[in-house]
Amino acid sequence: MRPGDIAVDATVGNGHDTLFLCRLVGPGGHVYGTDIQAEAVTSARARLCEEGVAAGTFTLWQADHSRLAELLPGETQRRVAAVMFNLGYLPGGDHATITTAGTTIRALEAAVEALRAGGIVTAVVYPGHAGGETEAAAVDAWMAALPQSKYQALQYRFTNQRNAPPYVAAVEKRG
């Protein structure tokens with residue numbers, strides 16, 4: 001990523017990743033973000049404003065990440081440098097409201113379609129909470145099925161930890 005790029009935070013949460021992306025793209029870029037919970041969008045917007053991020057450099061929606069394809073403006077298609085996901089539930093929020101396999105796979109599909117050549121999708125996957133194991137299995141299967149000619153997919157995970165630790169999944173769109 002470089003200044004002026006377009007990025008997406010597909011699971012805004014408390015806005016930490018959104019802020020990170022805003023700093024990377026700078027005032028000439030744009031970050032789009034979505035979260036199903038109003039409190040997450042409110043918290044993220046407040047964090048961005050407190051950190052001095054110009055209001056015109058980000059757009060936040062209260063919406064399920066599965067709607068990513070319809071939310072992203074048409075001119076962003078095949079121009080997005082990075083899409084970040086942090087799956088599971090909102091830290092400090094309602095643990096009953098979680099990302100799910102079905103919505104996440106739809107969002108991942110939209111994310112890779114929006115990428116430019118060399119763009120990347122990252123997802124922190126949390127298999128240790130209720131519903132997390134099912135979502136993790138779906139993400140793993142989706143990644144394994146991506147055509148090697150179009151994408152490089154990898155996972156970075158602990159192999160000696162107990163209690164289903166989180167791991168990072170990443171997909172890069174080939175040129």
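Heavy-atom basis, side chains included; hydrogens, waters and symmetry copies ignored.
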Heavy-atom closest pair, residues Pro165 and Arg162: CD-O, 3.7 Å

pair Thr18-Arg47: side-chain heavy atoms closer than 4.5 Å: no

Glu133 CD: over 12 foreign heavy atoms closer than 6.0 Å: no

N/O donor-acceptor pair under 3.5 Å between Arg78 side chain and Glu113 backbone: yes

Beyond-backbone contact of Thr97 with Leu90, side-chain heavy atoms, under 4.5 angstrom: no

Rounded distance (nearest 0.5 Å) linking atom CZ of Phe58 with atom CG of Asp9: 12.0 Å

Closest non-hydrogen atom pair, Ala44 against Leu60: CB-CD1, 4.1 Å

Exceeds 12 heavy-atom contacts within 6.0 angstrom, atom CD of Glu70: yes

ILVMFWY network linking Leu72 to Leu21, side-chain heavy atoms under 4.5 angstrom: no

Taking every non-hydrogen atom, the tightest pair across Ala114 and Gln77: CA-OE1, 3.7 Å

Whether Tyr89 and His129 hold their rings parallel, tilted or perpendicular, with breakpoints at 30° and 60°: perpendicular

CG-CD1 distance between Leu154 and Ile120, expressed to the nearest 0.5 angstrom: 7.0 Å

Same apolar cluster (I L V M F W Y, side chains within < 4.5 Å links), Val41/Leu71: no

Distance, nearest 0.5 Å, that separates OH of Tyr126 from CG of Asn86: 4.0 Å

Residue pair Met143 / Ala153: nearest heavy atoms and the distance that separates them: CE-CB, 3.7 Å

Heavy-atom closest contact (Ala169 atom, Val139 atom, distance): CB-CG1, 4.5 Å

Reference residue His65; test side-chain hydrogen bond (donor to acceptor under 3.5 Å, both in side chains); the match among Thr99, Thr104, Thr11: Thr104

Within one Ile-Leu-Val-Met-Phe-Trp-Tyr cluster: Val168 and Phe158, side-chain cutoff 4.5 Å: no

Greater than 12 external heavy atoms within 6.0 Å of Tyr167's OH: yes

Heavy-atom check, side chain of Lys173 versus side chain of Val112, under 4.5 Å: no

Single-linkage hydrophobic cluster Met84~Leu146, side-chain heavy atoms < 4.5 angstrom: no

Results of salt bridge (charged side-chain N to carboxylate O under 4.0 Å, His left out) for Asp5 - residues two or more places apart only: Arg116

Contact check, side chains of Tyr32 and Thr76, non-hydrogen atoms, under 4.5 Å: yes

Val31 side chain near Thr57 side chain, heavy-atom distance below 4.5 Å: no

Close side-chain approach of Leu115 and Val171, heavy atoms under 4.5 Å: no

Approximate separation, where rounding is to 0.5 Å, of Asn14 CG and Leu19 CG: 12.0 Å

Closest contact, heavy atoms only, Ala136 versus Pro127: CB-CB, 3.9 Å

Residues Arg157, Val125; criterion side-chain contact (heavy atoms from CB on, under 4.5 Å); working and verdict: CA-CA 10 Å; Arg157 59 172 78 215; Val125 182; over 6 Å; no

Test item: Val25 and Met1 side chains (from C-beta on) under 4.5 Å apart, heavy atoms: yes

Whether His95 side chain and Gly88 backbone form a donor-acceptor pair below 3.5 Å: no

Given Thr103, Leu108, Thr34, the one that forms side-chain contact (heavy atoms from CB on, under 4.5 Å) with Leu68: Thr34

More than 12 heavy atoms from other groups under 6.0 Å of CG on Asn160: yes

Contact check, side chains of Val12 and Trp61, non-hydrogen atoms, under 4.5 Å: no

Nearest-0.5 Å distance, OG1 of residue Thr100 to CZ of residue Arg106: 7.0 Å

Val8-Val124 co-clustered via ILVMFWY side chain contacts under 4.5 Å: no

Any donor-acceptor pair under 3.5 Å from Arg174 side chain to Gln148 backbone: yes

